[in-house]
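This structure is a prediction, so every number in the text was calculated from the model and none was measured. Numbers here are sequence positions counted from 1.
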Amino acid sequence: MLIVKKFGGSSVADKECIFRVAERCIEDYRKGNDVIVVLSAMGDTTDELIDKAKTITPNPSKREMDMLLTTGEQVSVALMAMAINSLGVPAVSLNAFQVAMHCTSTYGNARFKRVDAERIRHELDYKKIVIVTGFQGINKYDDYATLGRGGSDTTAVAIAAALHADACEIYTDVDGVYTADPRIVPNARKLDAISYDEMLELASLGARVLHNRSVEMAKKYGVQLVVRSSLNREEGTVVKEVVKLEKMLISGVASDKNTSRISVIGVDDKPGVAFKIFNTLAKKGINVDIILQSVGREGTKDISFTVAQDDLKYTLEVLEENKEALTIKEINHKDTVAKISIVGAGMMSNPGVAAKMFEALFNAGVNINMIATSEVRITVLIDEKDVERAMIAVHDGFGLAD
């Protein structure tokens, strides 16, 4: 078997953690398997590197930030290779250049284009455990580009897809995918299995178990994932195409505080205005989530939408620069908001799911600002201060702990 194992930063935070992971990888190797290990930077290294950059300049270029941040993973893989070698098993560390993990040129948020498998296969043929830097690729300029926070998951899936791995295991500090964040909802329950579509929605809506693009890629290439803990031997959660085991109405509740609401007031109430606004933002690489448009009045209308807090300042700058062309009379924003979402394939065939969610929020005294829906999810925008109360109320309202 060819097994790809990915370990997050908390799993390799110090010497003891590194040797614990090394021994776990060696166990599979000694069973006769080929083993590829993908690592994140140790502990809080990435945050520490960001802080160091800010001591130099408050606005470092994205290219230089990627050059800096990719060093974190290179430290991890080198130390892991040393640990495995010291335990009597041959291992080699490789970075994105050495593997040749080709990606787009969007610094800070690149996407994989292809993975050259030749170097990895060569090292596996020599019976080595291959340890690869997560979170990074090389672009057409031969520069490093990072994949966004959590991108090591995507690295693991990309390698598993390129080499047709038999298993892709994602190890984190939790032992699977839960019906809600157990740190917020104490009675959250671990799921045995979840579909790609449900996991993709949860990952996109704030559940920090998997990087959303890793799930997207796993679905596209049919890579079955297992999410499990690096701290114990419990069975984890399988992420796959179809889940028939539980037939739950909804699979989980997610929250996201990294959200800001922007309203553009008094734009012309005529065809093409909304297109111009969101096309302008799209050209600048700004992702928009919930959108709410008011009923037109006196030839104008208001449009509200949400963006990630990290994009708020830039989005406001773009709108201000194009204010006249977009017929915007006024721009306002609020960053003390959060999204609460429910996700589940079961809601497609069951009426009344939205009403049940709104009832739970009403009973908890939580006001809804905006609403967005899709086939497998319902998302509402609420005040940030109400997040924990809302999570518990919705989770209990749907009986997810049972």
Inset, instruction - Nearest 0.5 Å please: distance from the CG atom of L381 over to the CD1 atom of I290. - result: 5.0 Å
Inset, instruction - Apply the test side-chain contact (heavy atoms from CB on, under 4.5 Å) to residues I131 and L39: give CA-CA distance (whole Å), side-chain angles for both, the deciding distance (0.1 Å), then the verdict. - result: CA-CA 7 Å; I131 308 152; L39 298 182; 3.8 Å; yes
Inset, instruction - Would you check if E241 and K219 make a side-chain contact, meaning some heavy-atom pair closer than 4.5 Å? - result: yes
Inset, instruction - Ignoring hydrogens and angles, tell me if any N or O in the side chain of D116 forms a donor-acceptor pair with the backbone of E118 under 3.5 Å. - result: no
Inset, instruction - For D44 and D47, indicate whether the former's side chain and the latter's backbone hold a donor-acceptor pair under 3.5 Å. - result: no
Inset, instruction - Under the side-chain contact (heavy atoms from CB on, under 4.5 Å) rule, what do T280 and V318 come out as? Steps first, then yes or no, please. - result: CA-CA 8 Å; T280 300; V318 171; 3.8 Å; yes
Legend entry - Min side-chain heavy-atom separation K339-D289 under 4.5 Å: yes
Legend entry - Partner of S11 under side chain to side chain donor-acceptor pair (under 3.5 Å), chosen from S230, S40, S229: S230
Legend entry - Beyond-backbone contact of L202 with I194, side-chain heavy atoms, under 4.5 angstrom: yes
Inset, instruction - Indicate yes or no for a side-chain donor-acceptor contact from T70 to the backbone of D66 under 3.5 Å, with no hydrogens or angles considered. - result: yes
Inset, instruction - State plainly whether the residues E27 and R233 are in salt-bridge range, i.e. N to O under 4.0 Å. - result: yes
Inset, instruction - Would you sort out whether H395 and T179 count as a side-chain hydrogen bond (donor to acceptor under 3.5 Å, both in side chains), showing the intermediate values? - result: CA-CA 8 Å; H395 190 269; T179 51; 2.7 Å; yes
Inset, instruction - With rounding to the nearest 0.5 Å, note down the distance linking CG in N363 to CZ in R389. - result: 11.5 Å
Legend entry - Contact summary for H211 and S214, nearest pair of heavy atoms: O-OG, 2.6 Å
Legend entry - Exercise: identify the closest heavy-atom pair between M42 and A13: CE-O, 3.5 Å
Inset, instruction - Of all the heavy-atom pairs spanning A41 and E73, show the shortest one and how long it is. - result: N-OE2, 3.0 Å
Legend entry - Identified salt bridge (Lys or Arg N to Asp or Glu O under 4.0 Å) counterpart of K5 within the set D166, D28, D34: D28
Inset, instruction - Please test F112 against T155 for side-chain contact (heavy atoms from CB on, under 4.5 Å), starting from the C-alpha separation and ending with a verdict. - result: CA-CA 8 Å; F112 280 127; T155 303; 3.8 Å; yes
Legend entry - side-chain contact (heavy atoms from CB on, under 4.5 Å) evaluation trace for I120 with V99: CA-CA 7 Å; I120 294 178; V99 174; 3.8 Å; yes
Inset, instruction - State the OG1-CD1 distance between T379 and I368, to the nearest 0.5 angstrom. - result: 11.5 Å
Inset, instruction - State, to 0.1 Å, how close T133 and A96 come at their nearest heavy-atom pair, and which atoms those are. - result: OG1-N, 3.3 Å
Legend entry - Separation between NZ of K323 and CG of L316, rounded to the nearest 0.5 Å: 11.0 Å
Legend entry - Sole candidate of R213, K62, R149 that passes side chain to side chain donor-acceptor pair (under 3.5 Å) when paired with N109: R213
Inset, instruction - Would you sort out whether F97 and Y144 count as a ring pair (Phe, Tyr, Trp, His ring centres under 6.0 Å), showing the intermediate values? - result: CA-CA 8 Å; F97 263 108; Y144 282 112; 5.1 Å; yes
Legend entry - OG-CD distance between S251 and E198, expressed to the nearest 0.5 angstrom: 3.0 Å
Legend entry - Side chain proximity check, T336 to K385, heavy atoms < 4.5 angstrom: no
Legend entry - Flag side-chain contact, heavy atom, 4.5 Å: Y171 against L231: no
Inset, instruction - Return yes when atom CD of E235 has more than 12 non-hydrogen atoms of other residues, nucleotides or ligands closer than 6.0 Å, and no otherwise. - result: no
Inset, instruction - Say whether, by atom type as modelled, one donor and one acceptor occur between the side chain of Y29 and the main chain of K127 under 3.5 angstrom. - result: yes
Legend entry - Beyond-backbone contact of R121 with L163, side-chain heavy atoms, under 4.5 angstrom: yes
Inset, instruction - State the OG1-NZ distance between T237 and K190, to the nearest 0.5 angstrom. - result: 6.0 Å
Legend entry - Side-chain donor/acceptor of N85 to backbone N/O of A91, under 3.5 Å: yes
Legend entry - Heavy-atom donor-acceptor pair, Q136 side chain to L147 backbone, under 3.5 Å: no
Inset, instruction - State, with a plain yes or no, whether a side-chain heavy atom of I265 is found less than 4.5 Å away from one of I331. - result: no
Legend entry - Closest non-hydrogen atom pair between A188 and Y178, with its separation: O-CD2, 3.7 Å
Inset, instruction - Please confirm whether the backbone N or O of D175 pairs with a side-chain atom of E234, one donor and one acceptor, at under 3.5 Å? - result: no
Legend entry - T259 side chain to V337 backbone, donor-acceptor under 3.5 Å: no
Inset, instruction - Might you confirm whether atom CE of M67 has over 12 heavy atoms from other residues, nucleotides or ligands at distances under 6.0 Å? - result: no
Inset, instruction - Keeping the roles fixed (side chain from N139, backbone from D143), state whether a donor-acceptor pair exists under 3.5 Å. - result: yes
Inset, instruction - For D153 and I170, work out which heavy atoms get closest and say how close. - result: OD1-CG2, 3.6 Å
Legend entry - Any donor-acceptor N/O pair, T327 side chain to D268 backbone, under 3.5 Å: yes
Legend entry - Ring center gap for F305 and F278 short of 6.0 angstrom: yes
Inset, instruction - Using a 4.5 Å cut-off on heavy atoms from C-beta on, say whether the side chain of K301 contacts that of S294. - result: yes
